[in-house]
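Report on the following structure.
Along the sequence shown, residues are numbered consecutively beginning with 1.
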Amino acid sequence: MASEEDLTGSAGRPSLVAAVAVAAFHFAIALPATGAQFPQAANGEDLADAPGEAIYAASCANCHGLDGTGVPPSLLAFEEEVPDFTDCDFAAREPDADWIAVAHEGGPVRGFSEMMPAFRGALTEEQLARVMGYIRTLCTDDNWPRGELNLPRPLLTEKAYPEDEWVVEFGLDHGDDRSASAAYVYEQRFGPRSQVEIVIPYGWRRADGDLSHGLGDVVVGLKHALYHDLDVGTIFSIGGEVILSTGDESVGLGAPGNALEAFASLGQILPGDAFVQAQAGYKAPLYADGANEGFGRVVLGRSFTQGQWGRAWTPMLEVQVKHDFESGAEPRLDLLPQAQISLNTRQHVLANIGVLVPVGSDAADARPVRFVTYILLDWFDGGFFEGW
Ligand code: HEC
């Protein structure tokens, strides 16, 4: 196998010239909306048994650079910036399946530029998988959890994966009251494995015929992934939250005082695109007469893809149990069937919709069925209106 130095030696400057020529040619021809085929000299057959590194050098380095940092736009005949595969913050979070889709079908399959050509006529999926194997060596810090471990977000269970996203949640009670709640959740990663989160809830409550509404209890939280391993398919995190009593208690929009919460979250990939996620935690009020509460959540789901490269949708079944340690009441159990679906081509705008059904006789009497939904933007992958 050629070392990186050999490759650099043989294809330093000439490859840049070739890149410009190829890109200029590429630019000049009319590009079909589905992504252009890459008109390259080195065809797939020459590279049938070649290692990923050699295929990368022949097919990708023209634009992505031999070192993976991307040829600067000033040296290419197009404006688009080429991503930096050595930047772990960017590269680690992208799953192989998405990258193979982009390389096979061209940029537009995930809402990227058609300047990222389609290799489906030149390289097989198996060859592209080999290329990915090589590209993965370009980020040399394996502290960053891989994007495959970023499992679909359930409606209640806190994920183990650290996120860069915002989520708008909405819930509506079935029944005469029609109480409703909304929340804006903002999450930002820092460092390879940590995340800070803020939740701003807003609620509508009907009591004695009057509708009151207002801010709920604001939550500020931290999360850190203690363990992650793509080979075992596991990610495990711990987190803590401060729940501030910003809501109006008298109308049922908040607690009488602040509270602290600690939790652990687990994500586990199962065979056949299935997964299980779980969270267990404890909430301790910081005011007199507040009840300590333990809770557990488990969710089982499976992702399906529309066609080979299309939209992902994920049905899930979530179970939640909450136990109030003070009152001596029975634990409350809820079932929450739901489905998440990607809304845009880039798959970074997602929605989830489900129904929370209280189970158990006492619980069912006291608590209404609730419709729950969210819309989510993974903002690291682009703005809300990008990649549709
Ligand atoms: C003609 C230039 C060119 C060639 C050759 C090329 N790429 Fe790209 N590639 C691009 C550009 C430009 C982008 C950025 C597109 C955007 O951001 O809209 C890109 C983006 C990508 C992405 C998407 C990264 C993300 O943001 O998630 C992947 C993956 C990728 N290329 C893989 C490859 C592989 C693998 C090869 C070789 C088999 C290859 N590319 C060859 C120009 C090229």
Side-chain angles (χ1 to χ4, degrees), residues 1-4 7 11 34-70 82-88 90-112 115-142 144-151 228-235 269-275 302-312 342 345-347 381:
M1 183 166 125
S3 76
E4 200 170 327
L7 290 166
T34 49
Q37 300 268 332
F38 187 52
Q40 56 173 342
N43 70 44
E45 275 170 37
D46 298 340
L47 296 165
D49 300 316
E53 183 173 5
I55 306 176
Y56 178 87
S59 306
C60 319
N62 284 345
C63 299
H64 288 281
L66 268 178
D67 63 359
T69 55
V82 183
D84 180 354
F85 291 136
T86 67
D87 174 8
C88 300
F90 152 73
R93 67 175 81 209
E94 305 293 343
D96 272 354
D98 276 340
W99 276 7
I100 290 176
V102 165
H104 196 266
E105 296 296 289
V109 79
R110 284 288 180 276
F112 291 111
M115 289 305 142
M116 168 58 210
F119 284 87
R120 58 176 174 264
L123 298 171
T124 64
E125 278 173 62
E126 198 274 323
Q127 283 172 309
L128 287 172
R130 258 183 271 159
V131 176
M132 292 311 151
Y134 171 67
I135 291 179
R136 291 297 172 193
T137 65
L138 299 172
C139 148
T140 52
D141 181 358
D142 51 14
W144 297 80
R146 279 285 298 276
E148 279 82 350
L149 296 169
N150 189 1
L151 298 167
H228 62 94
D229 187 335
L230 184 59
D231 294 334
V232 221
T234 310
I235 180 163
I269 300 175
L270 302 176
D273 295 326
F275 58 83
R302 183 195 191 283
S303 292
F304 297 85
T305 312
Q306 236 171 331
Q308 197 184 353
W309 314 104
R311 191 187 297 282
S342 58
T345 314
R346 193 168 296 172
Q347 314 224 27
D381 280 351

As an exercise, state the distance from [atom1] of [X] to [atom2] of [Y], rounded to the nearest 0.5 Å.
X    : Y    : atom1 : atom2 : answer
D142 : D229 : CG    : CG    : 9.5 Å
I269 : L149 : CD1   : CG    : 4.5 Å
L138 : D84  : CG    : CG    : 9.0 Å
L270 : F275 : CG    : CZ    : 9.0 Å

Test of understanding: with salt bridge (Lys or Arg N to Asp or Glu O under 4.0 Å), list the residues that count as partners of [X], not counting sequence neighbours.
X    : answer
R93  : D89, D164
R346 : E386
D98  : R110

For a quick test of reading the model, state the closest non-hydrogen atom pair linking [X] to [Y] and the distance between them.
X    : Y    : answer
A312 : Q347 : N-OE1, 3.2 Å
M116 : P108 : O-CD, 4.4 Å
A57  : L66  : CB-CD2, 3.9 Å
C60  : V131 : SG-CG1, 4.1 Å
A118 : H104 : CB-O, 3.5 Å

**Prompt:** Under 3.5 Å, is there a donor-acceptor pair between the side chain of R130 and the main chain of A50?
**Reply:**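 Here the side-chain-to-backbone pair exists.
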Does some side-chain heavy atom of [Y] sit less than 4.5 Å from a side-chain heavy atom of [X]?
X    : Y    : value
M115 : V82  : no
E125 : R120 : no
V109 : T345 : no
S59  : L47  : yes
D381 : E94  : yes
Y56  : I135 : yes

**Request:** Assess whether side chain to side chain contact (heavy atoms under 4.5 Å, CB included) is satisfied between L123 and I55, documenting all intermediate values.
**Result:** CA-CA 9 Å; L123 298 171; I55 306 176; 3.8 Å; yes
**Asked** Who pairs with T124 by side chain to side chain contact (heavy atoms under 4.5 Å, CB included), at least two apart in sequence or on another chain?
**Response**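 If we apply the side chain to side chain contact (heavy atoms under 4.5 Å, CB included) test to T124, skipping adjacent residues, the hits are E126, Q127.
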**Request:** Mind checking side chain to side chain contact (heavy atoms under 4.5 Å, CB included) for N150 and listing every partner two or more places apart, or none if nothing turns up?
**Result:**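 N150 satisfies side chain to side chain contact (heavy atoms under 4.5 Å, CB included) with K159, Y161, E163 only.
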**Request:** Could you walk me through whether D96 and E148 pass side chain to side chain contact (heavy atoms under 4.5 Å, CB included), step by step?
**Result:** CA-CA 8 Å; D96 272 354; E148 279 82 350; 3.5 Å; yes
**Message:** Restricting to ring-ring contact (aromatic ring centres under 6.0 Å, His included), what partner residues turn up for W99, sequence neighbours left out?
**Reply:**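 ring-ring contact (aromatic ring centres under 6.0 Å, His included) list for W99, sorted by chain: F85, F90.
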